[in-house]
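Inspection log for the structure reproduced underneath, given as structure tokens.
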There are 2 protein chains.
Amino acid sequence: MSEGESCGCCSSSTITPDTDRTCYCPVNGIIDTISKKHALPIVSVLGSNGPTRYNELEEVLGVTSSSLLSTRLNELMSEGLIERQSFDEIPPRVEYSLTSDGKELEERLRPLLEWADEA
Amino acid sequence: MSEGESCGCCSSSTITPDTDRTCYCPVNGIIDTISKKHALPIVSVLGSNGPTRYNELEEVLGVTSSSLLSTRLNELMSEGLIERQSFDEIPPRVEYSLTSDGKELEERLRPLLEWADEA
DNA sequence: CTGAATCCTACACGATACTG
DNA sequence: CAGTATCGTGTAGGATTCAG
């Protein structure tokens, strides 16, 4: 789903043109991001557990394919939602954590998680 | 993504087994649902506009393929998030609206939408 | 341990055409 | 108006292998 295009919800003049409805276009970007596999759990885990290592994420999330986690982490980083810190140790250690944007997202996601848990 | 399977996040005993973390499995179902194209906008529009006809949804959402909207509506109905009411008129009229579950979802989605709008 | 590269498969989506 | 049926395509995801 490309994000730059006109979405029809803000350009539509046919339906209730005088009521100012919200435009849902910006949401699609976020949804696109967090709807990818493991993305939401990553954000949630980092939010509740703090900085977490690659390997820990693999286990906690039950990641099947390692490459998928790698891809997802890179995507979330370029979205500016998480950040990566690597330590010069042997064996190597890398920790991922939420950026302030990521935290903001995690907070606004929480009502959803709680509701999903009940239901 | 199937929903019944063990997800690794609740069965994992390797990582911090004594801290009671939230299980994110239930969320995947919701996310799966609303991440499909037009699903979130449908819920939002029905939430803010009330009962809406098929044709209106097509226009407001800028639906390209009619069959896609049809599919999505059916999915949301079997999820119990929206409901369909058809009127015996000529021409035929059908209105979709949120169920109480759908309204609950829409409310918990709102913080996300607002944040997405700002960013 | 922390990844990246490759290949393959399944499925969501788009386009088109057709029906009550 | 309110859909369904069918088919082609792009891409996310899974499995596997290899590397710093």
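Quick note on labels: first sequence line is chain A, next is B, and so on, each numbered from 1.
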Could you list, one pair per line, each protein nitrogen or oxygen that sits under 3.5 Å from a nitrogen or oxygen of nucleotides 17-20 of chain C, together with the distance?
none

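Of all heavy-atom pairs between A:Gly47 and A:Leu98, the closest is CA-CD1, 3.5 Å.
Comparing the local axis fitted to the first five base pairs of the helix from C:dC1-D:dG20 to C:dG20-D:dC1 with the one fitted to its last five gives a bend of 50°, rounded to 10°.
Taking the salt bridge (charged side-chain N to carboxylate O under 4.0 Å, His left out) definition, one finds that A:Arg53 meets it with nothing, sequence neighbours left out. Every side-chain hydrogen bond (donor to acceptor under 3.5 Å, both in side chains) that B:Tyr54 has, sequence neighbours left out, goes to B:Ser66. Partners of A:Ser65 according to the side-chain hydrogen bond (donor to acceptor under 3.5 Å, both in side chains) rule, which considers only residues two or more places apart in sequence or in another chain, are A:Ser67. Residues meeting the salt bridge (charged side-chain N to carboxylate O under 4.0 Å, His left out) test with B:Glu107, sequence neighbours left out: none. Qualifying side chain to side chain contact (heavy atoms under 4.5 Å, CB included) partners for A:Ser97, counting only residues two or more places apart in sequence or in other chains: A:Pro51, A:Glu83. Evaluation of the salt bridge (charged side-chain N to carboxylate O under 4.0 Å, His left out) rule for A:Glu106 yields A:Arg110 as partners, not counting sequence neighbours.
Counting only residues at least two apart or in different chains, salt bridge (Lys or Arg N to Asp or Glu O under 4.0 Å) contacts with residues 85-97 of chain B comprise B:Glu89-B:Arg93, B:Arg93-B:Glu95.
The residue among B:Glu75 and B:Ser65 whose nearest nucleotide of DNA chain C is located toward the 5' end is B:Glu75.
Looking at heavy-atom distances under 4.0 Å, A:Phe87 makes no contact with the nucleic acid at all.
Set against D:dG14, C:dG3, C:dA12, the side chain of A:Lys37 has D:dG14 as its closest nucleotide.
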